[in-house]
Amino acid sequence: MIRSAVALVCAVFSVLTSPAQAANVMAGQQIYMQYCVGCHGVGGQAVLPNAPHFSRGERLMQPDTMLMMSIRTGKQSMPSFNGILRDQQILDVIAYLRTLQR
Ligand code: HEC
């Protein structure tokens, strides 16, 4: 009886504390090819002047939360993706950006 109560508490605890869904690089790549490639270029070699080259790791020395804020609100000539991409999708695309650095 006590043992099953302990098991139940542990189960509830692990559900409550499990981390948010891990970022999905493959999904991030699809988002990148749809929304970002026009300026940031294939493989992160930017085509728009002033857009950072992710292939050189530009602007990637920031935590995900900072990058997420920029993508959500937009920056200079970069449009806001608020209401276009969900937070999970932004995290997916950030995970993809981090694979582009050579
Ligand atoms: C219309 C062109 C354009 C599009 C589309 C675009 N960006 Fe950008 N992006 C820029 C420019 C220009 C900058 C540099 C802004 C600046 O001067 O700080 C930038 C900056 C960034 C930065 C660096 C932000 C920082 O805080 O330094 C990130 C990360 C980024 N873009 C990600 C993305 C992602 C992800 C997408 C697609 C969902 C995207 N961008 C779509 C033009 C674009």
Side-chain angles (χ1 to χ4, degrees):
M1 181 58 193
I2 287 178
R3 195 181 282 176
S4 62
V6 169
L8 180 66
V9 169
C10 289
V12 168
F13 186 74
S14 69
V15 168
L16 291 178
T17 56
S18 65
Q21 195 191 338
N24 181 341
V25 173
M26 297 300 284
Q29 180 176 26
Q30 285 175 0
I31 295 162
Y32 186 87
M33 294 313 263
Q34 187 172 352
Y35 295 103
C36 321
V37 78
C39 297
H40 290 285
V42 175
Q45 304 198 329
V47 288
L48 186 82
N50 303 329
H53 291 254
F54 299 128
S55 57
R56 296 185 206 144
E58 286 174 9
R59 308 292 185 90
L60 295 182
M61 296 282 282
Q62 312 179 49
D64 287 1
T65 47
M66 300 285 290
L67 295 175
M68 185 164 198
M69 217 139 64
S70 301
I71 296 167
R72 231 196 244 141
T73 57
K75 204 163 196 187
Q76 310 280 3
S77 47
M78 176 158 88
S80 160
F81 287 92
N82 197 14
I84 298 172
L85 297 176
R86 284 177 283 111
D87 285 359
Q88 183 64 49
Q89 292 178 299
I90 296 178
L91 289 173
D92 290 348
V93 81
I94 291 171
Y96 176 68
L97 298 183
R98 295 198 186 285
T99 69
L100 296 177
Q101 188 170 355
R102 294 282 169 258

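The structure displayed is predicted, hence computed values, not measured ones. In each ligand, atom 1 is the first atom listed, and ligand 1 is the first ligand listed.
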For this session: Run down the list Met69, Met78, Arg59 and name the one with the heavy atom closest to atom 18 (O) of ligand 1.
Result: Arg59
Exercise. Side-chain contact, heavy-atom cut-off 4.5 Å: Val47 with Val37?
Worked result: no
Exercise. In the protein, what heavy atom is nearest to atom 16 (C) of ligand 1, and what distance, to one decimal place, separates them?
Worked result: Gln76 CG, 3.4 Å
For this session: Determine, using heavy atoms of Met66 and all atoms of ligand 1, whether some pair is separated by less than 4.0 Å.
Result: no
For this session: Kindly give the heavy-atom pair with the smallest separation between Ser70 and Met78, and that separation in Å.
Result: O-CE, 3.7 Å
Exercise. Are any side-chain N or O atoms of His53 and backbone N or O atoms of Gln45, one a donor and one an acceptor, separated by less than 3.5 Å?
Worked result: no
Problem set entry | Option whose closest heavy atom lies nearest to atom 24 (C) of ligand 1, chosen from Gly38, Ser70, Gly44 | Ser70
Exercise. Touching ligand 1 at all, Leu60? Heavy atoms, strictly under 4.0 Å?
Worked result: no
Exercise. Short list, please: which atoms of ligand 1 are under 4.0 Å from a heavy atom of Gln62?
Worked result: 25 (C), 26 (O), 27 (O)
Exercise. Sub-3.5 Å donor-acceptor pair from the side chain of Tyr96 to the main-chain atoms of Asn24, do we have one?
Worked result: no
Seminar exercise, completed: Residue, atom and distance of the protein heavy atom nearest atom 36 (C) of ligand 1 read Cys36 SG, 2.7 Å
For this session: Taking the side chain as every heavy atom from C-beta outward, state whether Arg98 and Asp64 have any pair of such atoms under 4.5 Å apart.
Result: yes
Exercise. Looking only at atom types and distance, does a side-chain atom of Ser55 sit under 3.5 Å from a main-chain N or O of Gln101, one as donor and one as acceptor?
Worked result: no
For this session: Decide whether the shortest distance between a heavy atom of Phe54 and an atom of ligand 1 is less than 4.0 Å.
Result: yes
For this session: Measure the distance from atom 4 (C) of ligand 1 to every protein heavy atom, then report the residue, atom name and distance (to 0.1 Å) of the closest one.
Result: Cys39 SG, 3.4 Å
Exercise. Contact between Pro52 and ligand 1, counting heavy atoms under 4.0 Å?
Worked result: yes
For this session: Using heavy-atom distances, let me know which of Lys75, Met33, His40 sits nearest atom 9 (N) of ligand 1.
Result: His40
Exercise. How close do Ala46 and Ala51 get, heavy atom to heavy atom, and via which atoms?
Worked result: CB-O, 3.3 Å
Problem set entry | Numbered atoms and elements of ligand 1 in range of Leu85, under 4.0 angstrom, heavy atoms | 38 (C)
Problem set entry | Minimum-distance protein heavy atom relative to atom 5 (C) of ligand 1 | Tyr35 O, 3.3 Å
